[in-house]
Engineer: 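Would you mind keeping the following structure in view while I ask a few things?
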Amino acid sequence: MMETKQWVVKGNPPIDDPSIQEAAALLREGGLVAFPTETVYGLGADARRTDAVEGIFAAKGRPSDNPLIVHIAAEEQLVELVQEVDELSLQLARAFWPGPLTLVLPVRPGALSHRVTAGLSTVGVRMPDHPVALRLIEAAGCPVAAPSANRSGRPSPTLASHVREDLDGRIGGLLDGGPTGVGLESTVVEVTPDRRIHILRPGGVTAEELAAAAGGAPVTMDPGLLEAAADASPEAALAAADDGFAAPDGGLRPKAPGMKYAHYAPKGRLTVVQGESAEAVAVRIQQELDQARAAGERTGVLAPAEHAGRYQADLVVSCGSLADPALAARELFASLRQFDEAQITCLYAEAYADRGIGMAVMNRLLKAAGHRVIRV
Ligand code: TXA
Ligand code: MG
């Protein structure tokens with residue numbers, strides 16, 4: 001265990017802010033610093049140093065075949081990291097950076113530690129839209145590799161307290177910049193040779209927004225993602241929940257290696273209930289809760305604000321609102337953590353509408369549930 005140094009940073013700090021300078025010095029020395037971005041908190045290290053990047057995998061308990069996103073603070077840094085930037089990728093960078101979009105591009109040999117790319121010939125790069133993240137990267141003067149700052153398998157952190165829960169004593173520093181804005185991670189895309197914008201992970205930038213900025217280029221979803229979203233067998237779901245890995249199914253592999261892992265999972269057994277009729281969903285969830293309670297489980301429900309009052313359980317968490325899909329994105333990970341705090345052993349979530357940012361919400365929720373879904 002080491003002491004995790006903490007700095008509280010408010011608003012828009014200047015680059016010579018002492019907290020930013022200390023945190024940047026730690027990064028330059030090969031240390032690990034957690035910092036806020038507009039999506040979730042990231043766990044940063046100098047992306048050129050293998051010793052530093054190995055520290056990320058160790059602190060998180062992350063499988064080493066899962067590559068890291070590299071964070072930059074200026075467009076000029078991009079050309080140093082990648083071999084070439086096709087015109088459409090550049091167009092997307094200019095439309096959405098700084099912002100929650102990660103572009104997968106051919107890595108420039110020697111520019112980054114091989115541990116960042118996990119042996120792939122590509123690297124995911126993004127410019128975060130958060131003043132603390134940008135000042136930190138500028139002050140450090142290096143590309144910053146940063147996965148979400150949670151222990152592997154846990155919900156991503158949207159508050160500094162979540163980072164402390166997971167990583168206190170395992171990392172050198174934590175910049176506390178308050179709650180993150182978007183609440184779930186960036187959209188990961190790759191522009192294909194036939195000029196499609198291929199979504200490898202849905203996130204803060206929606207498919208609709210990508211289409212609008214694409215100048216007519218089609219937007220497609222990684223088929224591995226679609227398959228992962230299909231109803232998995234209960235056995236596969238259980239295996240996924242038990243060992244942190246999705247069960248091998250012999251089918252398509254998601255192209256973003258991270259998408260094959262069970263993620264974000266609360267400790268209790270989570271099931272998503274989906275149906276055309278909100279009433280039928282509520283009735284089914286309450287039936288399941290009553291049965292689980294009778295069997296001695298501590299029960300929980302996650303539902304949008306308008307529906308939360310319908311349920312009787314040990315813990316009902318209102319997450320987002322039907323009227324405001326972005327709020328569900330912002331609140332989802334913190335909501336999932338609440339069930340662990342209350343030691344809930346069996347919980348149910350209403351499905352959210354699968355449009356716009358809702359696509360990313362449902363992707364994370366289904367992963368958290370190990371793809372256990374009841375359809376009514
Ligand atoms: O919003 C975010 O993206 C946050 C903040 C901290 O920036 N970061 C984040 O990193 O979510 P991480 O490591 O938790 O997720 C990275 C995802 C994984 O699913 C990984 O497999 C995928 O991006 N990825 C990274 N590099 C890739 C590559 N070269 N090709 C395909 N997928 C890649
Ligand atoms: Mg993550």
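Values below: every heavy atom of this structure, side chains too, minus hydrogens, waters and symmetry copies. Computed from a predicted structure; not experimentally measured. Counting starts at 1 for both ligands and their atoms, following the listed order.
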Engineer: State, without any angle test, whether R293 and Q312 hold a side-chain donor-acceptor pair at a distance under 3.5 Å.
Structural biologist: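 Checked: R293/Q312 side chains show no N/O donor-acceptor pair below 3.5 Å.
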Engineer: Of all heavy-atom pairs between V301 and F339, which one has the smallest distance, and what is that distance?
Structural biologist: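 Shortest heavy-atom contact: O-CZ, 3.4 Å.
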Engineer: Is the shortest N/O to N/O distance between Y41 and ligand 1 below 3.5 Å?
Structural biologist: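 No: no nitrogen or oxygen of Y41 is under 3.5 Å from one in ligand 1.
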Engineer: Under 3.5 Å, N or O to N or O, is T102 touching ligand 1 that way?
Structural biologist: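 There is no such contact.
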Engineer: Which of the numbered atoms in ligand 1 are under 4.0 angstrom from any heavy atom belonging to L120?
Structural biologist: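 Counting from 1, the qualifying ligand atoms are 28 (C), 29 (N), 30 (N).
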Engineer: For atom 19 (O) of ligand 1, find the nearest protein heavy atom and state the residue, atom name and distance (0.1 Å precision).
Structural biologist: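 Ranked first by proximity to atom 19 (O) of ligand 1 is G258 CA, 3.3 Å.
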Engineer: Which residue and non-hydrogen atom of the protein lie closest to atom 16 (C) of ligand 1, and at what distance in Å?
Structural biologist: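 Result for atom 16 (C) of ligand 1: I69 CD1, 3.5 Å.
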Engineer: Which residue and non-hydrogen atom of the protein lie closest to atom 20 (C) of ligand 1, and at what distance in Å?
Structural biologist: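 For this ligand atom, the closest protein heavy atom is N66 OD1, 3.3 Å.
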Engineer: Above 12 or not: heavy atoms from other molecules or residues under 6.0 Å from CZ of R195?
Structural biologist: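 Count not over threshold, so no.
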Engineer: Between R355 and E208, is the closest basic N to carboxylate O distance under 4.0 Å?
Structural biologist: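 No, E208 and R355 are not salt-bridged.
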Engineer: With respect to D166, which candidate in R151, K60, R154 satisfies the side chain to side chain donor-acceptor pair (under 3.5 Å) definition?
Structural biologist: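 With D166 as partner, R151, K60, R154 yield a single side chain to side chain donor-acceptor pair (under 3.5 Å), made by R154.
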Engineer: Just heavy atoms, cut-off under 4.0 Å: does E190 contact ligand 1 by side chain, backbone, both, or neither?
Structural biologist: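 E190 to ligand 1: no contact under 4.0 Å from either part.
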Engineer: Can you check whether T122 has an N/O within less than 3.5 Å of an N/O in ligand 1?
Structural biologist: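 Yes, at least one N or O pair falls under 3.5 Å.
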Engineer: For atom 1 (O) of ligand 1, which candidate among L200, T37, T39 holds the nearest heavy atom?
Structural biologist: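 Residue with the shortest heavy-atom distance to the ligand atom: T39.
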Engineer: Say whether P128 and ligand 1 are in contact under the criterion: heavy-atom distance to a ligand atom below 4.0 Å.
Structural biologist: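 Contact check P128 vs ligand 1: negative.
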Engineer: Among all protein heavy atoms, pick the one closest to atom 22 (C) of ligand 1 and tell me residue, atom and distance.
Structural biologist: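 The closest heavy atom on the protein side is A256 CB, 3.9 Å.
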Engineer: Starting from atom 14 (O) of ligand 1, locate the nearest protein heavy atom and write down its residue, its atom name and how far away it is, to 0.1 Å.
Structural biologist: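 I find the closest protein heavy atom is S148 OG, 3.2 Å.
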Engineer: Roughly how far, to the nearest 0.5 Å, is the CH2 atom of W7 from the CG atom of L26?
Structural biologist: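 Reported to 0.5 Å precision, the distance equals 5.0 Å.
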Engineer: What I'd like to find out is whether the side chain of L159 reaches to under 4.5 Å of the side chain of P179, using heavy atoms alone.
Structural biologist: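 Side chain of L159 against side chain of P179, heavy atoms only: contact under 4.5 Å found.
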Engineer: To the nearest 0.1 Å, how far is atom 24 (N) of ligand 1 from its closest protein heavy atom, and which atom is that?
Structural biologist: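 For atom 24 (N) of ligand 1, the nearest protein heavy atom comes out as P67 CG, 3.9 Å.
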Engineer: Taking all non-hydrogen atoms of both residues into account, name the closest pair between A149 and L43 and its distance.
Structural biologist: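 That closest heavy-atom pairing would be CB-N, 3.7 Å.
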Engineer: Taking all heavy atoms of Y311 and all of A303, pick out the closest pair and write down the distance.
Structural biologist: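 Looking at all heavy atoms of both residues, the shortest contact is CE1-CB, 4.0 Å.
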Engineer: State the atoms of ligand 1, each with its element, that fall below the 4.0 Å cut-off from a heavy-atom position in G42.
Structural biologist: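 Here the atoms of ligand 1 in question are 6 (C).
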Engineer: Hey, does L81 have a side-chain heavy atom less than 4.5 Å from the side chain of L112?
Structural biologist: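 Yes; the side chains approach each other to less than 4.5 Å.
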Engineer: Measure from the Mg ion (ligand 2) to each N, O or S atom of S152 and report whether any distance is below 2.8 Å.
Structural biologist: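 No, since none of the N, O or S atoms of S152 sits under 2.8 Å from the Mg ion (ligand 2).
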Engineer: Could you tell me which atoms of ligand 1, counted from 1 in the order shown, lie closer than 4.0 angstrom to a heavy atom of R126?
Structural biologist: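 Heavy-atom distances to R126 below 4.0 Å select 1 (O), 2 (C), 3 (O), 5 (C), 7 (O).
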Engineer: Identify, by atom number and element, the atoms of ligand 1 in contact range of A146, meaning under 4.0 Å from any of its heavy atoms.
Structural biologist: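 Listed by number with element, the hits are 6 (C), 8 (N), 10 (O).
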Engineer: List ligand 1 atoms under 4.0 Å from R62, heavy atoms only on the residue side.
Structural biologist: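 Listed by number with element, the hits are 12 (P), 13 (O), 14 (O).
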Engineer: Among all protein heavy atoms, pick the one closest to atom 7 (O) of ligand 1 and tell me residue, atom and distance.
Structural biologist: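 Going by distance alone, atom 7 (O) of ligand 1 is nearest to H71 NE2, 2.6 Å.
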Engineer: May I ask you to say whether R269 pairs ionically with E297, meaning some side-chain N is under 4.0 Å from a carboxylate O?
Structural biologist: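 Between E297 and R269 there is no salt bridge, as every charged N stays at least 4.0 Å from the carboxylate O atoms.
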Engineer: Transitively linked via ILVMFWY side-chain contacts under 4.5 Å: V189 with W97?
Structural biologist: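 They do share one cluster, since a chain of ILVMFWY contacts under 4.5 Å joins V189 to W97.
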Engineer: Counting heavy atoms only, which of V104, N150, T117 comes nearest to atom 30 (N) of ligand 1?
Structural biologist: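 Nearest heavy atom to atom 30 (N) of ligand 1 lies in V104.
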Engineer: Quick test: of every protein heavy atom, which one is nearest to atom 12 (P) of ligand 1, and how far off is it to 0.1 Å?
Structural biologist: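 I find the closest protein heavy atom is P147 CA, 3.7 Å.
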Engineer: Are any non-hydrogen side-chain atoms of T220 and H198 less than 4.5 angstrom apart?
Structural biologist: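 In contact.
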